[in-house]
Number of protein chains: 2
Amino acid sequence: MVKPVRFSVDDILDAATQAVHQHWRSATVAHVTAVLGAPSGSIYHRFASRDALFASAWIRAVRRYHAQFDEIAAIADPVQAIVETGMLLPRFCRANPLDARMLTVFRYRDLQADPPAGLHDALQDLNAPVGRLLSELAERRYGRVSTRGLALVALAARDTPLGMVRPLIGDPIPDWMDEPIRAACEAVALLDDH
Amino acid sequence: MVKPVRFSVDDILDAATQAVHQHWRSATVAHVTAVLGAPSGSIYHRFASRDALFASAWIRAVRRYHAQFDEIAAIADPVQAIVETGMLLPRFCRANPLDARMLTVFRYRDLQADPPAGLHDALQDLNAPVGRLLSELAERRYGRVSTRGLALVALAARDTPLGMVRPLIGDPIPDWMDEPIRAACEAVALLDDH
DNA sequence: GGTCATCTAGAGACCGGTGTCTATTTGGAG
DNA sequence: CTCCAAATAGACACCGGTCTCTAGATGACC
C-alpha cells in the first residue's frame, strides 16, 4: 500500500542502544540519528519524545533479561535455584553487553514515578515476571512467603549479583567473577527466615 | 581586608549536595542557587563550571567516607576486618544520607577519564586511601598481595556491600540489611586465593 | 575618608538539544 | 496515470541551562 519502512522500531531501538553504549546517559537523539543514518523526524515519527525512545529501549532490554527466567523452575534445590537466578545476570551481560549497558541507564522506580508518554502500561506490567519468580523462590526456600523471606531472596538473587557486576558493565565480565558471585548469593540464600 | 564572605565553598557544596538529594543527576546550578539564596555569579566565582561544582561536592563526600578507614587497622582477624570494612558503607549511609546520595552521582572512572577544570590533581590522589586499605587487607588475609587476592578483597569489602545498599540509597538503610551484607562479605572474603 | 582587592549581584548572551512543521517520496489500488 | 496513506527528510523554532560580563557593595588598611 504505502512507502516501505526503512527504519523499523527495532532498528531505531538498536541504534538507541548503540548510542547509549557510546555515550551512556548523555546520549542524544542526534547520536541515534548518526548511528542510524536517519533524520530526527524519522525518530519522532515513531517515538513521542526522547525519553520515550530511550525508555523503550530500556524496556526491551529488561524483557530480554526476563526471557531467561523460564529455566529456573527446573532446578530442584531451592538454594541452588536462587544462586542460578543470580548467575543469570553475569551471563546476560556476557551475551548481550549492549543491552546490559542499557539496563544501567534507568531505574524502574524512577521511570514508574513519572512514565514517558505512552509507556505507562508497559511499565506497569514490566516487573511482574521478577515478582513472580522471587515469590516462587521464596516459597520454595522457606515454605511460606514472609516479608523478610522475600526481601532476602530478592537480595540474594537480584541485588547482590547486580552490585558485584555493575561496576564492570560496559566491559566484559571476567570468568573468575562467577565464583565470588555464587558464594555471595549462596551465603545470603542460606540465611534464616526468622 | 575585603568584603566578607557570604557564601563559603562549604556552603555552596552543602547546597549542591542538597540539590542533588532533591534532583539527583538532573540538578542544575539554578537548583543550587535556589537552595543557597545566591545568584549564579556567586557560584561561578568559586567554581569553574557546573561540572567542577558537582564533582567537588562528590569528592568531599568520598573523602568523608574515607575518613572512616582508620579504625579498620585495629581489628585483629583479617576476615572480620574485611567484613567490617564492608559495614562502613551502610553505616556511612545512615549517618550521612545526603553525602551517600552524592556518592551515586559520579563514578570515579568517568571523572578521572576527563576531569572537570582544576580537579585533575584532587582526583588523582582520591583513590589512594582505598588502594592502601585494600592492599593491606589482602596482605593480611592471604599473606601476600596477588592480583586475584586483591580483586577478591575489593569485591568483598567494597563492591558487594555497595551493590546491596545502592538501590536503597536516598532512603534510610533498614537495620535488617546488616546481617545479609555481613554474610555476603564474609562468604567472598573466605574464598581461596588460588 | 580614600584606596583596593574581593566578593555579591543579576541580566542576558550563547549554546546544544528537543521537538515541530512542511515538503517530498513511495508504491499499491482504482 | 492518478490518488492516497504512510513514511522519509531536514530546516529551524524554541527552550532550558550554562556561563559571562559589568556594576556595585564591603571593610581592612593607610
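What's counted below: heavy atoms across the whole structure, side chains too, no hydrogens, waters or symmetry copies. All figures in this text were calculated on a predicted structure; none of them were measured in a lab. Residue numbers start from 1 in every chain, and the chains themselves are labelled A, B, ... in the order their sequence lines are given, proteins ahead of strands.
- Closest to the B:R50 side chain, of the nucleotides D:dA9, D:dT18, C:dT8, is D:dT18.
- The side chain of A:P39 sits closest to D:dG10 out of C:dT20, D:dC19, D:dG10.
- The nucleotide whose nearest atom lies closest to any side-chain atom of A:S40 is, among C:dT20, C:dT8, D:dC19, C:dT20.
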Only distances under 3.5 Å count here; give the side-chain donor-acceptor pairs of residues 161-176 of chain A to other protein atoms, sequence neighbours excluded, each with its distance to 0.1 Å.
from	atom 1	to	atom 2	distance (Å)
A:D171	OD2	B:R109	NH1	2.9

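- Of the candidates D:dA7, D:dA9, C:dT8, D:dA7 carries the atom nearest the A:H45 side chain, counting heavy atoms from C-beta on.
- Regarding B:F7, its CZ atom lies at a distance of 13 Å from the P atom of D:dT26, rounded to whole Å.
- A:I43 has its CD1 atom 11 Å from the P atom of C:dT18, to the nearest Å.
- A search for salt bridge (Lys or Arg N to Asp or Glu O under 4.0 Å) contacts involving B:E186 returns nothing, not counting sequence neighbours.
- Scanning both residues, A:V188 and B:P180, for their nearest heavy atoms gives CG2-O, 3.8 Å.
- In terms of position along DNA chain D, the nucleotide closest to A:R46 lies nearer the 5' end than the nucleotide closest to the other residue of the pair A:R46 and A:G41.
- Under a hydrophobic clustering in which Ile, Leu, Val, Met, Phe, Trp and Tyr are joined whenever their side-chain heavy atoms come within less than 4.5 Å, directly or via other members, A:I72 and A:V153 fall into the same cluster.
- Contacts of A:F92 classified as ring-ring contact (aromatic ring centres under 6.0 Å, His included), with partners at least two apart in sequence or in another chain: A:Y65.
- Residues satisfying the ring-ring contact (aromatic ring centres under 6.0 Å, His included) test with A:H66, not counting sequence neighbours, are A:F69.
- At a non-hydrogen distance threshold of 4.0 Å, B:T28, B:V29 from residues 23-38 of chain B come into contact with DNA chain D.
- Using a 4.0 Å cut-off, some side-chain N or O of A:R6 falls inside it from OP1 or OP2 of D:dA9.
- Residues meeting the salt bridge (Lys or Arg N to Asp or Glu O under 4.0 Å) test with B:R132, sequence neighbours left out: none.
- Atoms CZ (A:F47) and P (C:dT18) sit 15 Å apart, rounded to a whole Å.
- Whole-Å rounding puts the A:Y44 OH to D:dG10 P distance at 17 Å.
- At a threshold of 4.0 angstrom between heavy atoms, the contacts of B:S49 are confined to the sugar-phosphate backbone, with no base atom among them.
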